[in-house]
A.B. asks: 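Below is a structure I'd like to ask you about.
Order of the sequence lines fixes the chain letters, A, B, ..., with proteins taken first and strands second; residue numbering starts at 1 for each chain.
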Amino acid sequence: MSEELGKVYNPKEVESKLYKTWEEKGLFKAEVNKNKKPFTIVMPPPNITGKLHMGHALDNTMQDIIIRYKRMQGYSALWVPGTDHAAIATEAKITEKMREEGVSKEKIGREEFLKRAWAWKEEYGGNIVKQLRKLGSSCDWSRERFTMDEGCSKAVREFFVKLYNEGLIYRGEKIINWCPKCKTSISDSEVDFAEMDGHFWHIKYKLADSDESIIVATTRPETMFGDVAVAVNPDDDRYKHLIGKRVIVPVVNREVPVIADSYVDIELGTGALKITPAHDPNDFEVGLRHGLSIINVMDESGVMNEKADFCSGLDRYEARKLLVKILEEENKLHKAEEIKHSVGKCYRCSTVVEPRISTQWFVKMNKLAGPAIECVKSGETKFIPDRFSKIYYHWMENIKDWCISRQLWWGHRIPVWYCRDCGEMTVSKDTNVTECLHCSSKNIYQDEDTLDTWFSSGLWPFSVLGWPEKTPELEYFYPTNVLVTGYDIIFFWVAKMIFSSLKMTSKKPFENILIHGLVRDSKGRKMSKSLGNGVDPLEIIEKYGADALRFSLMLGNSPGNDMRYFDEKVEASRNFANKIWNAARFIHMNIDGKNIKSEIPKDLDMIDKWIISRFNFTAKEVISNLDKYELGIAAQKLYDFIWDEFCDWYIEFSKILGKKEVLLWVMTNLLKLLHPFMPFVTEEIWLSFPHEKESIMISDFPKFDDSLVFEEDENNTKILMSIIKSVRNIRREMNVPHGKKTMIFIETDSENLGIILKRYESIICKLAYGKEIKVNKSLPESKFVAAVNEYVKINIPVDELVDSEAELKRLKKELEVSKKQLEQTENRLKNPNFVSKAPKEVINGAKDMAEKLKNKIAGIESAILNLK
RNA sequence: GGGAGCAUAGCUCAGUUGGUUAGAGCACUUGCCUUACAAGCAAGGGGUCAUAGGUUCGAGUCCUAUUGUUCCCACCA
């Protein structure tokens, strides 16, 4: 196949083929193996309704890089994939589809609905998993899980019952966030607040026994039907005399008391507040303190109910309009102020959330939060970057009880049965409870509600490893090593996993939490369906290849920060893949038919030592960056090394040197370093070269090797390179055409360098368009241009071509710059504080620099003299 | 109201524990189809690292304040 490598790398041809082979050979599988150290990542499960988006692509690329790296390092590296049932999102989609068919949930009933839901899951749940494969994700598909599979469901029941038995789960009537469209409760973190235009209506409430009025401000007049009091601050002098009196709720014409409660802010609004316990969480609290009754005036769809009198049957917003109109007509509306205020919306459907009194299940958070905070504070679990710890603490420290029951059908049903006879609850891990635990009555029924999606995903890291069973996998792979996820779900998910795991397994769920940002569009906007600015990763893969997409998502990306998506960036990465491809083609041309091993020969040339040493150093850096999860920096270093040093310099050198073993050795090892980032192109090339293992995936990741550090050769090669660059520079500036080869006169004080330069004469001449190198030889009668750098002075005779004026100007400018640099360096060295306090390397570096600059200046000065 | 991030080349962004002359991609200028690659090669232009102080021998990097900007949290009726 080696001769078959085309001129341009074609990802489409190789990607699906390679992925299939990897999967068939079982290379993604990780087993419990006592001879290896485990390394575990559990994939944040994408929703079954989902389609792969750029966020997934970023998230999974990062995970894949880490897991491939660890696998090559010899760990038993397990990456567990799976999907989430996404209760509310999925149910919404199914309901929507049913509506199109003219069917309703209520009409077909629970059982039939669930049948449809599972069918939906079967049909669409596999899509995203297929898409993850396109990206190259090397997860262990044999362990794929689903949040509603049997094991996860068992884990959910185990968790619920344990918390219930410890009194950490309770049922109660509270005011919760209600989505009138999804017709379910949602938790605090599922509410998005948005600034919206609205009105602040100042309404006159007349006293029952006098003509005096008290003005109350509200944004939601429709809730007046549920008013049970007007509250003022006890210290508010304006209203003190009214406390205990009764006022009449306008329009509704109900008498309610004026009460005093310190919750009321004197400064805010009018300082008087209408109290509607059924429709506002604060009012609810006030109501509790004062023993007020609760009047619920809306139904589950946000439609006014019979308590709303003539508004009954009206939507909440229509009722609001009508009330405002009537208040105006009755001259009860003192003022209508236009304001911007934040309004809570359902995070799934964006419907304005309605606070609603209802009976729900809650997790008591105070006892669970403490250990979860401690787990991060102690450093057991670390956020990367660390600043997210603060956000986490703040949230955890102010956490309120978690509403976990949902009025949905798609999800884990609450494992509680109520007895119609004795009224007691039976809470059980069993799925088919038939009699009351308390009175043995068979007249029982199960709670209709299901659990919050995040209740099951909170158990994900350990439930996928078999918990609550004591499996070998759980023993071996848990706790996991790193969780990779976006900052947007720290509250939803990360926090829940931490306290759930601590509670149920007594272990942290993961060591590190690697947080990434959002992938935004090229203008910095969030990619969203409504804006239509989303970029489909699959289309990008189709066009540029998975490697290119992956690499572009890594380049210039740093933990926790958002990034913008640009086609140009993917193009650059695609070009990079192509660059490597062509480097491979070049190597093939040279080793073809020859029995060359990828090894380091004994008699190494200076330039070989340079590239080996540089490779060795790059490997060290990349390993260090990967260990610190600095994937973007590692990618950048690989890019730079491969493109600049390996391709642009070493391959050019090797064309003249003619030694191919080192070329092959560096290449194969580079492929390994790069493999986690660009799995496909590296594998395809690696397989085309002599190789021992069946896949680069399971080859050994390069290690830093002390015996491969060649400092002197590195330096001398760098001087060689700087000379070539200088000559090229001068020729370019003097407009010397490539065809015109010139003599190169080099002056140096170093005998050793002189020998080296002569030895590499052919290389210098080839790469710098020279005819011959003369070291420290007297110059013939001719015109010269000079290139002076820190090491040598180079003279190039160019006779008729020299524009003396321009050359003089150029040299003078360079002289000036060098003198300035020397001055700065010398000033530093003169500073006694610098000499006494700076580390030796820095001082020596400065001294060295000063020497070099002096040489350079002397060289330039003599060149100027020469010109004259 | 509280908290956090960001501000570096025309654009998008890196810059790891402070250490010589601040980098990349794209864009720009010039010259090259040099038999791996024009998705390429070579040479080059372009930055007072938001502003003002401070710590330090030394600050893009640490501290304080200011400005601009983005985001998160919170029960502003």
Side-chain angles (χ1 to χ4, degrees), chain A residues 5 7-9 193 200 216-220 231 263-265 267-270 272-276 280-285 339 341-342 344 355 385 387-388 390-391 394-395 398 487-488 490-491 517-518 522 524 544 552 555-558 560-566 568-569 571-590 621 624-625 628 630 632-633 635-636 639-640 647-648 651-652 655 725 728-733 735 737-738 766-767 769 817-818 820-821 824-825 828 831-839 841-843 845-846 848-850 853:
Chain A
L5 296 183
K7 196 169 174 180
V8 170
Y9 172 58
F193 284 92
F200 210 8
V216 161
T218 180
T219 53
R220 296 187 300 156
Y263 160 71
V264 182
D265 187 338
E267 309 287 322
L268 210 61
T270 61
L273 186 59
K274 71 187 204 58
I275 299 298
T276 321
D280 183 281
N282 296 304
D283 293 9
F284 180 75
E285 295 297 323
I339 55 158
H341 61 147
S342 79
R387 65 171 187 270
F388 290 100
K390 272 180 270 176
I391 296 173
H394 182 257
W395 189 76
N398 295 288
Y487 59 71
D488 49 334
I490 292 176
F491 304 138
L518 268 40
S522 60
Y544 299 103
S552 71
L555 265 186
N557 191 0
S558 53
N561 293 333
D562 291 353
M563 67 185 308
R564 300 191 192 192
Y565 173 85
F566 289 96
E568 289 87 343
K569 220 166 147 185
E571 247 172 65
S573 299
R574 185 266 321 257
N575 294 353
F576 180 49
N578 193 49
K579 185 77 182 173
I580 302 159
W581 182 255
N582 276 291
R585 286 180 63 222
F586 171 77
I587 296 172
H588 273 297
M589 282 172 49
N590 284 282
E621 295 269 288
S624 150
N625 290 133
K628 286 184 276 182
E630 294 164 349
I633 299 173
Q636 185 71 53
Y639 184 94
D640 290 343
C647 290
D648 288 347
I651 287 186
E652 291 309 316
K655 287 178 183 171
K725 284 191 81 136
R728 282 170 175 171
N729 179 347
I730 215 71
R731 289 177 54 98
R732 182 78 204 90
E733 292 213 352
N735 278 316
H738 288 171
K766 176 86 194 301
L767 297 180
Y769 312 98
V817 172
S818 299
K820 205 170 175 185
Q821 284 170 3
Q824 280 172 2
T825 312
R828 239 170 356 126
N831 184 337
N833 283 325
F834 174 71
V835 181
S836 61
K837 288 183 184 169
E841 311 94 79
V842 177
I843 297 171
D848 202 37
M849 172 62 61
L853 284 169

A.B. asks: For A:Arg585 and A:Asn582, test the side chains for any donor-to-acceptor distance below 3.5 angstrom and give the result as yes or no.
C.D. replies: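 There is such a pair between these side chains.
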
A.B. asks: Write down the partner of B:C62 under the Watson-Crick or G-U wobble criteria, each distance required to be under 3.5 Å.
C.D. replies: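 The answer is B:G54, by the H-bond criterion.
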
A.B. asks: Looking at every strand, decide which applies to A:Val817 at a 4.0 Å heavy-atom threshold: base, sugar-phosphate, or nothing.
C.D. replies: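 Nothing: the residue A:Val817, judged by heavy atoms under 4.0 Å, touches no strand.
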
A.B. asks: Does the A:Asp562 side chain pair with the main chain of A:Leu518, one donor and one acceptor, at a distance under 3.5 Å?
C.D. replies: yes

A.B. asks: Quick one: look up who B:A36 pairs with, Watson-Crick or G-U, both distances under 3.5 Å, and put none if it's unpaired.
C.D. replies: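 Paired with B:A36, as far as the under-3.5 Å criterion goes, is no nucleotide at all.
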
A.B. asks: Expressed in whole Å, how much space separates the C1' atoms belonging to B:A27 and B:G10?
C.D. replies: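 It comes out at 7 Å once rounded to the nearest Å.
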
A.B. asks: In whole angstrom, give the distance that lies between atom OH of A:Tyr565 and atom P of B:C26.
C.D. replies: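 Between P of B:C26 and OH of A:Tyr565: 15 Å.
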
A.B. asks: With both distances under 3.5 Å as the test, what is the Watson-Crick or G-U wobble partner of B:U69?
C.D. replies: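 B:G5 is the nucleotide pairing with B:U69.
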
A.B. asks: Write down the distance separating the P atoms in B:U48 and B:C71, rounded off to the nearest Å.
C.D. replies: 29 Å

A.B. asks: Is A:Leu853 close to A:Met849 at the side-chain level, that is, under 4.5 Å between some pair of heavy atoms?
C.D. replies: yes

A.B. asks: Does A:Asn575 make a side-chain N or O approach to OP1 or OP2 of B:G40 shorter than 4.0 Å?
C.D. replies: yes

A.B. asks: Can a side chain N or O of A:Gln824 be found less than 4.0 Å away from OP1 or OP2 on B:U21?
C.D. replies: yes

A.B. asks: If we take the P atom in both B:U29 and B:G15, what is their distance in whole Å?
C.D. replies: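 Looking at atom P only, B:U29 and B:G15 are 31 Å apart.
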
A.B. asks: Identify which nucleotide among B:U21, B:A36, B:A77 has an atom closest to any side-chain atom of A:Asp265, counting heavy atoms from C-beta outward.
C.D. replies: B:A77

A.B. asks: For the side chain of A:Phe200, counting heavy atoms from C-beta on, which of B:U21, B:C37, B:A77 is nearest?
C.D. replies: B:A77

A.B. asks: Are side-chain heavy atoms of A:Glu285 and A:Tyr263 found at a separation under 4.5 Å?
C.D. replies: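 A side-chain contact is absent here, since even the closest heavy-atom pair is not under 4.5 Å.
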
A.B. asks: In whole Å, what separates the P atom of B:C41 from that of B:U35?
C.D. replies: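 Rounded to whole Å, the distance is 14 Å.
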
A.B. asks: Round to a whole Å and report the spacing from NE2 of A:His588 to P of B:A36.
C.D. replies: 14 Å

A.B. asks: Starting from P on B:A43, measure out to CZ on A:Arg732 and report it in whole angstrom.
C.D. replies: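 Interatomic distance, CZ of A:Arg732 to P of B:A43: 11 Å.
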
A.B. asks: Quick one: which of B:G19, B:A36, B:C41 gets closest to the side chain of A:Asp648?
C.D. replies: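 In terms of side-chain proximity for A:Asp648, the closest of B:G19, B:A36, B:C41 is B:C41.
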
A.B. asks: Between the side chain of A:Arg828 and the main-chain N/O of A:Ala846, is any donor-acceptor distance below 3.5 Å?
C.D. replies: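 Such a contact is absent between A:Arg828 side chain and A:Ala846 backbone.
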
A.B. asks: I would like to know whether A:Lys655 and A:Phe586 meet side chain to side chain contact (heavy atoms under 4.5 Å, CB included); could you show each step before the answer?
C.D. replies: CA-CA 10 Å; A:Lys655 287 178 183 171; A:Phe586 171 77; 3.5 Å; yes

A.B. asks: Using the P atom as the point on both nucleotides, what is the distance between B:G60 and B:A22, in whole Å?
C.D. replies: 10 Å

A.B. asks: By nearest atom, which of the nucleotides B:A43, B:U16, B:U34 is closest to the A:Tyr769 side chain?
C.D. replies: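 Of the options given, the side chain of A:Tyr769 lies nearest B:U34.
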
A.B. asks: On the 0 to 90° scale, with breaks at 30° and 60°, tag the A:Trp581-A:Tyr9 ring pair as parallel, tilted or perpendicular.
C.D. replies: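 A:Trp581 vs A:Tyr9 ring planes: tilted.
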
A.B. asks: Examine A:Lys579 relative to A:Tyr639 and say whether NZ or CZ is less than 6.0 Å from the centre of the six-membered ring and inside a 45° cone about the ring axis.
C.D. replies: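 No, A:Lys579 and A:Tyr639 do not form such a contact.
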
A.B. asks: So, is A:Arg574 near the phosphate of B:A39, with a side-chain N or O under 4.0 Å from OP1 or OP2?
C.D. replies: no

A.B. asks: Whole Å only: how far is the CG atom of A:Asn625 from the P atom of B:G15?
C.D. replies: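 From A:Asn625 CG to B:G15 P: 10 Å.
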
A.B. asks: When you get a sec, tell me which of B:G19, B:C26, B:C37 is the closest nucleotide to the side chain of A:Glu568?
C.D. replies: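 The closest nucleotide is B:C26.
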
A.B. asks: Does A:Ala272 reach a base, just sugar-phosphate, or nothing at all? Heavy atoms under 4.0 Å.
C.D. replies: base

A.B. asks: If you check the A:Leu273 side chain, which of B:A36, B:A77, B:G40 turns out closest?
C.D. replies: B:A77

A.B. asks: Side chain of A:Asn729, heavy atoms from C-beta onward: which of B:G31, B:A77, B:G44 has the nearest atom to it?
C.D. replies: B:G44

A.B. asks: Side chain of A:Lys7 only, please: which of B:A77, B:A38, B:A39 is the nearest?
C.D. replies: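 Among B:A77, B:A38, B:A39, the one nearest the side chain of A:Lys7 is B:A38.
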
A.B. asks: Mind calculating the distance between CD (A:Glu630) and C1' (B:U17) to the nearest angstrom?
C.D. replies: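 It works out to 11 Å between those atoms.
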
A.B. asks: Work out how far the P atom of B:U56 is from that of B:U67, and round it to whole angstrom.
C.D. replies: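 The same atom, P, in both gives a distance of 28 Å.
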
A.B. asks: Mapping A:Phe576 and A:Pro839 onto RNA chain B by nearest heavy atom, which one lands closer to the 5' end?
C.D. replies: A:Pro839

A.B. asks: Hey, which sits more toward the 5' end of RNA chain B by its nearest nucleotide, A:Lys725 or A:Ser342?
C.D. replies: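 Residue closer to the 5' terminus by nearest nucleotide: A:Lys725.
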
A.B. asks: Please classify the nucleic acid contact of A:Ala572 as base, sugar-phosphate, or nothing, using heavy-atom distances under 4.0 Å.
C.D. replies: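 The answer is sugar-phosphate, as A:Ala572 gets under 4.0 Å only of primed atoms, P, OP1 or OP2.
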
A.B. asks: Who does B:G46 pair with, Watson-Crick or G-U, both distances under 3.5 Å?
C.D. replies: none

A.B. asks: Just checking A:Val264: base, sugar-phosphate only, or nothing, at a heavy-atom cut-off of under 4.0 Å?
C.D. replies: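 A:Val264: base contact, heavy atoms under 4.0 Å.
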
A.B. asks: If the P atom of B:G23 is compared with that of B:G19, how far apart are they to the nearest Å?
C.D. replies: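 It works out to 13 Å between them.
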
A.B. asks: Can you see whether A:Tyr544 has A:Arg574 sitting over its ring - NZ or CZ less than 6.0 Å from the centre and within 45° of the normal?
C.D. replies: no

A.B. asks: Just how far, in rounded Å, is P of B:A39 from CH2 of A:Trp581?
C.D. replies: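 For the pair A:Trp581 CH2 and B:A39 P, the rounded distance is 17 Å.
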
A.B. asks: Does any nucleotide pair with B:C75 by Watson-Crick or G-U wobble geometry, both distances under 3.5 Å, and what is it?
C.D. replies: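 Pairing partner: none.
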
A.B. asks: Judged by atom type as modelled, is there a donor-acceptor pair below 3.5 Å linking the side chain of A:Asn398 to the main-chain atoms of A:His394?
C.D. replies: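 Confirmed, A:Asn398 side chain pairs with A:His394 backbone.
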
A.B. asks: Among B:A36, B:A39, B:A77, which is the nearest nucleotide to the side chain of A:Tyr263?
C.D. replies: B:A77

A.B. asks: How would you label the contact of A:Phe491 with the nucleic acid (heavy atoms, under 4.0 Å): base, sugar-phosphate, or nothing?
C.D. replies: sugar-phosphate

A.B. asks: Does A:Asn557 offer a backbone N or O that forms a donor-acceptor pair with the side chain of A:Asn561 under 3.5 Å?
C.D. replies: no

A.B. asks: What string of B, S and - do you get for nucleotides 1-14 of chain B, 5' to 3', when a contact is any protein heavy atom under 4.0 Å?
C.D. replies: ---SS------SSS

A.B. asks: Would you classify A:Asn831 as touching base, sugar-phosphate or nothing, given that sugar-phosphate means primed atoms plus P, OP1 and OP2, and contacts are heavy atoms under 4.0 Å?
C.D. replies: sugar-phosphate

A.B. asks: When you compare B:U20 with B:C75, how far apart are their P atoms, in angstrom units rounded to a whole number?
C.D. replies: 49 Å

A.B. asks: CE of A:Met589 versus C1' of B:U34: gap in Å, rounded?
C.D. replies: 13 Å

A.B. asks: Specify the separation, in whole Å, of atom CZ of A:Arg585 and atom P of B:A36.
C.D. replies: 9 Å

